[in-house]
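Remarks on the structure that follows.
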Amino acid sequence: MEITVMSDILGKNDEVAAELNTLLTRQGIFVVNLLGSPGCGKTSLVEQTVRLLRNEYKIAVIEGDLYTSKDADRIAAYGAPVIQINTRGGCHLDAGMVKKAVEQLDLSAVDILIVENVGNLVCPAEFAVGEHAKVVVLSVTEGEDKPLKYPLVFRQSEAIIINKIDLLPYTDFAIDCAVSDINGLNAAAALIKASCKTGEGLVLWTEWLKDRVRLVRRGDL
């Protein structure tokens with residue numbers, strides 16, 4: 001019986017996500033669902049993305065958080081419109097939540113919509129939110145074992161960012177092992193080593209985003 005209920009929940013969510021994706025695609029908006037553990041640097045990546053691209057693209061952010069607006073406040077300081085969703089204990093965003101947030105945005109003033117999901121490597125991977133691509137952020141402070149321990153999110157992501165590489169000399173993170181495991185799970189994903197503190201790798205990340213915007217505008221996503 002529990003399996004049947006889960007199937008219905010995911011099925012309904014997928015219907016809403018597909019409707020939302022169609023709406024946003026028609027507007028020429030590229031939507032990225034940003035995933036990762038608490039503290040992996042998702043919000044820092046969003047801040048730097050807005051900073052680097054705000055003169056070329058109009059970026060809006062939907063911010064998922066359990067209770068606070070701390071991350072949304074940080075992003076708003078960079079000038080991007082931000083819609084806060086508080087899940088009040090919920091471990092992920094779903095398509096219905098994102099749809100209601102999208103209704104508050106002026107879509108004519110958006111080129112890229114970043115959905116920063118709740119910090120979690122499990123549940124968010126199972127719920128589409130209308131995105132064109134999932135992207136997962138892995139911090140070197142988390143340990144290189146995470147890709148094999150949480151394979152679904154790494155398999156589903158089109159880009160995988162190993163973040164905080166400036167801290168590599170101060171950790172035991174085996175980056176070669178992490179890269180090998182990630183390639184074994186998802187060799188097709190773009191793998192970017194980055195640091196939001198030093199800026200290393202961020203050009204590769206923003207070029208990846210620009211390419212996806214072009215694909216949406218050409219009708220290829």
Side-chain angles (χ1 to χ4, degrees), residues 1-27 29-43 45-46 49 59-76 80-107 110-138 146 149-161 186 189 209 212 216 221:
M1 292 298 292
E2 292 181 358
I3 292 175
T4 300
V5 171
M6 187 61 182
S7 175
D8 287 344
I9 291 172
L10 291 176
K12 180 62 179 176
N13 183 78
D14 287 347
E15 288 178 14
V16 177
E19 293 171 3
L20 188 55
N21 180 272
T22 298
L23 169 68
L24 296 168
T25 300
R26 286 174 178 165
Q27 297 280 339
I29 300 170
F30 175 66
V31 186
V32 58
N33 185 2
L34 192 61
L35 311 172
S37 300
C40 69
K42 296 189 299 299
T43 304
L45 184 67
V46 174
T49 303
I59 302 175
V61 180
I62 293 174
E63 181 64 39
D65 192 273
L66 296 182
Y67 294 106
T68 78
S69 63
K70 289 182 178 295
D71 292 346
D73 294 341
R74 285 173 52 184
I75 295 163
V82 185
I83 306 297
Q84 177 71 57
I85 300 175
N86 286 134
T87 61
R88 299 191 181 281
C91 58
H92 63 275
L93 299 179
D94 63 35
M97 296 174 186
V98 174
K99 182 179 180 182
K100 289 179 181 177
V102 165
E103 290 171 354
Q104 301 177 54
L105 291 169
D106 175 8
L107 297 183
V110 180
D111 298 313
I112 300 171
L113 175 60
I114 301 173
V115 180
E116 184 181 343
N117 219 308
V118 176
N120 185 342
L121 284 174
V122 182
C123 307
E126 298 182 350
F127 284 80
V129 296
E131 74 271 19
H132 294 98
K134 290 181 174 68
V135 172
V136 63
V137 180
L138 170 67
K146 297 302 179 291
K149 292 181 73 173
Y150 304 96
L152 181 62
V153 68
F154 289 90
R155 286 189 177 122
Q156 292 195 347
S157 293
E158 294 189 23
I160 298 168
I161 298 173
N186 185 359
L209 276 175
R212 292 312 186 271
V216 169
L221 274 181

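Predicted model, so just to flag it, every value in this text is computed and none were measured.
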Which heavy atom of [X] sits nearest a heavy atom of [Y], and at what distance?
X	Y	answer
Lys70	Thr68	N-OG1, 3.3 Å
Lys146	Leu138	CB-CD1, 3.8 Å
Ile62	Ala101	CD1-CB, 3.8 Å
Ala95	Ala17	CB-N, 3.5 Å
Gly130	Asn21	O-ND2, 3.1 Å
Ala133	Phe30	CB-CZ, 4.0 Å

Mind checking the [atom1]-[atom2] spacing from [X] to [Y]? Nearest 0.5 Å is all I need.
X	Y	atom1	atom2	value
Leu35	His92	CG	NE2	12.0 Å
Asp14	Glu19	CG	CD	11.5 Å
Thr49	Leu209	OG1	CG	6.0 Å
Ile83	Lys100	CD1	NZ	14.0 Å
Ile29	Ile59	CD1	CD1	12.5 Å
Asp65	Asn86	CG	CG	6.0 Å

Can you check whether [Y]'s main-chain N or O pairs, donor with acceptor, with [X]'s side chain at less than 3.5 Å?
X	Y	answer
Lys134	Gln156	no
Asn120	Val122	yes
Asn186	Phe154	yes
Gln84	Glu63	yes
Lys99	Asp94	no
Asn117	Asn33	no

Flag side-chain contact, heavy atom, 4.5 Å: [X] against [Y]:
X	Y	value
Thr87	Leu93	yes
Val115	Val31	yes
Val98	Val102	yes
His132	Thr25	yes
Leu105	Leu113	yes
Val32	Arg212	no

Checklist entry - Given Val137, which of Leu34, Ile160, Thr43 fulfils the side-chain contact (heavy atoms from CB on, under 4.5 Å) condition? => result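 The passing option is Leu34.
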
